[in-house]
Amino acid sequence: MDTILWIVIIGLFILSFVGLISPVVPSVLAVWGGFLIYHFFINSAVLTWVFWVSMGVLTVFLLLADLLAGSIAVNKFGGSKIGETTATIAIIAGTFIFPPFGILIFPFIAVLIVEFWIQDTFAHALRAAVGTLIGFLSGRIAEGIIQLIMITWFFLSIWL
């Protein structure tokens, strides 16, 4: 039975990284799913309150990193709030319409169109669209690093 549970835990951890490419998969929930399965079905004595509080803090950082990276990049590259909102909607739509490339292509094109419509200069619109792309990618990189830290911490906690 433990073998099956470990397969599920490892599968959830792998699925969390798939969530970086396909936002339909809630990556942080997959990580937490692995933690909870271990805690409730394998060994409830190993993961201490320090672990749980630390994972909660890292989860907040993970969510903020993803949101702030996109927002900061769009603003830094001259994008508008409407462009930022458009990028978010386009990421969600792109996930379903043309996975996995849609999460990169759709926001870029959507922001390019919206910013060109608002600002009336292609150079400004292109700059904002590139900012959207950079923000999305940097947010995903930050999310992946934090997830890796969380999973590594989990294994260190149970093995040491």
K.L.:
Please examine the side chains of Phe17 and Ile151, heavy atoms only from C-beta on, and report whether any two atoms are closer than 4.5 Å.
P.N.:
yes

K.L.:
For atom CZ of Phe51, is the number of surrounding heavy atoms from other residues, nucleotides or ligands below 6.0 Å larger than 12?
P.N.:
yes

K.L.:
With the 4.5 Å side-chain cut-off for hydrophobic clustering, are Ile113 and Val111 part of the same group?
P.N.:
no

K.L.:
Centres of the Phe136 and Phe108 rings: under 6.0 Å?
P.N.:
no

K.L.:
Crowded around Trp117 CH2? As in, over 12 foreign heavy atoms under 6.0 Å?
P.N.:
no

K.L.:
Report the C-alpha separation of Tyr38 and Asn43 in whole Å, then their side-chain angles, then the decisive distance to 0.1 Å, and conclude whether the side chain to side chain contact (heavy atoms under 4.5 Å, CB included) test is met.
P.N.:
CA-CA 6 Å; Tyr38 178 83; Asn43 188 346; 3.6 Å; yes

K.L.:
Check for a donor-acceptor pair, side chain of His124 on one end and backbone N or O of Glu115 on the other, with a separation under 3.5 Å.
P.N.:
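The answer is no, because no donor-acceptor pair under 3.5 Å joins these two groups.
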
K.L.:
Tell me, with the steps shown, if Ile158 and Phe155 meet side chain to side chain contact (heavy atoms under 4.5 Å, CB included).
P.N.:
CA-CA 5 Å; Ile158 64 171; Phe155 283 113; 3.9 Å; yes

K.L.:
Determine whether the aromatic ring centres of residues Phe101 and Phe106 are separated by less than 6.0 angstrom.
P.N.:
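Phe106 vs Phe101: aromatic centres not under 6.0 Å.
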
K.L.:
Rounded to the nearest 0.5 Å, how far apart are CD1 of Ile145 and CZ of Phe61?
P.N.:
14.0 Å

K.L.:
Check Ser27 against Ser16 and note the closest heavy-atom contact, atom names and distance.
P.N.:
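Heavy atoms only, the tightest pair is CB-O, 2.9 Å.
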
K.L.:
Test Leu126 against Thr121 for side chain to side chain contact (heavy atoms under 4.5 Å, CB included), laying out the working first.
P.N.:
CA-CA 9 Å; Leu126 183 62; Thr121 63; over 6 Å; no

K.L.:
Rounded to the nearest 0.5 Å, what separation is found between the CD1 atom of Ile91 and the CZ atom of Arg140?
P.N.:
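So the gap between those two atoms works out to 7.0 Å.
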
K.L.:
Output every pair passing salt bridge (Lys or Arg N to Asp or Glu O under 4.0 Å) with a member in residues 83-105, not counting sequence neighbours, ordered by first then second residue.
P.N.:
Lys81-Glu84

K.L.:
Where do Ser157 and Val46 come nearest, in terms of heavy atoms and distance?
P.N.:
O-CG1, 3.4 Å

K.L.:
Have a look at His39 and tell me which of Phe154, Trp52, Trp49 forms a ring-ring contact (aromatic ring centres under 6.0 Å, His included) with it.
P.N.:
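Only match with His39 under ring-ring contact (aromatic ring centres under 6.0 Å, His included): Trp52.
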
K.L.:
Decide yes or no for Thr59 and Ile146: does some side-chain heavy atom of the first lie under 4.5 Å from some side-chain heavy atom of the second?
P.N.:
no

K.L.:
So which atom in Ala110 and which in Thr86 form the shortest heavy-atom distance, rounded to 0.1 Å?
P.N.:
CB-CG2, 3.5 Å

K.L.:
Closest heavy-atom contact between Phe13 and Val31?
P.N.:
CE2-O, 3.5 Å

K.L.:
List the atom of Phe35, the atom of Met150, and the distance in Å for their closest heavy-atom pair.
P.N.:
CZ-O, 3.7 Å

K.L.:
Would you check if the side chain of Thr152 reaches a backbone N or O of Leu148 as a donor-acceptor pair within less than 3.5 Å?
P.N.:
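A pair under 3.5 Å: yes.
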
K.L.:
Quick one: CG on Leu20 to CD1 on Ile103, what's the gap to the nearest 0.5 Å?
P.N.:
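That separation rounds to 9.0 Å.
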
K.L.:
Quick check on the hydrophobic clustering: are Ile89 and Val114 connected, directly or via other members, by side-chain heavy-atom contacts under 4.5 Å?
P.N.:
no

K.L.:
State the CG-CD1 distance between Leu12 and Ile7, to the nearest 0.5 angstrom.
P.N.:
12.0 Å

K.L.:
Heavy-atom distance under 4.5 Å between the side chains of Asp2 and Phe41, does that happen here?
P.N.:
no

K.L.:
Show, in sequence, the C-alpha distance, side-chain angles and deciding distance for Trp153 and Ser54, and conclude whether the side-chain hydrogen bond (donor to acceptor under 3.5 Å, both in side chains) test is met.
P.N.:
CA-CA 9 Å; Trp153 193 328; Ser54 300; 5.3 Å; no

K.L.:
Using a 6.0 Å cut-off, check whether atom CG of Leu156 has over 12 heavy atoms from anything other than its own residue.
P.N.:
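More than 12 within 6.0 Å, yes.
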
K.L.:
With a sphere of 6.0 Å drawn around CD1 of Ile82, does it hold more than 12 non-hydrogen atoms of other residues, nucleotides or ligands?
P.N.:
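Open: at most 12 neighbouring heavy atoms sit under 6.0 Å from CD1 of Ile82.
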
K.L.:
Starting at CD1 of Ile97, measure out to CD1 of Ile105 and round the result to the nearest 0.5 Å.
P.N.:
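These two atoms lie 11.5 Å from each other.
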
K.L.:
Can you give me the closest heavy-atom contact between Val28 and Leu62, atom names plus distance?
P.N.:
CB-CD2, 4.0 Å

K.L.:
Can you measure from CD1 (Ile141) to CD1 (Ile134) and round to the nearest 0.5 angstrom?
P.N.:
10.5 Å

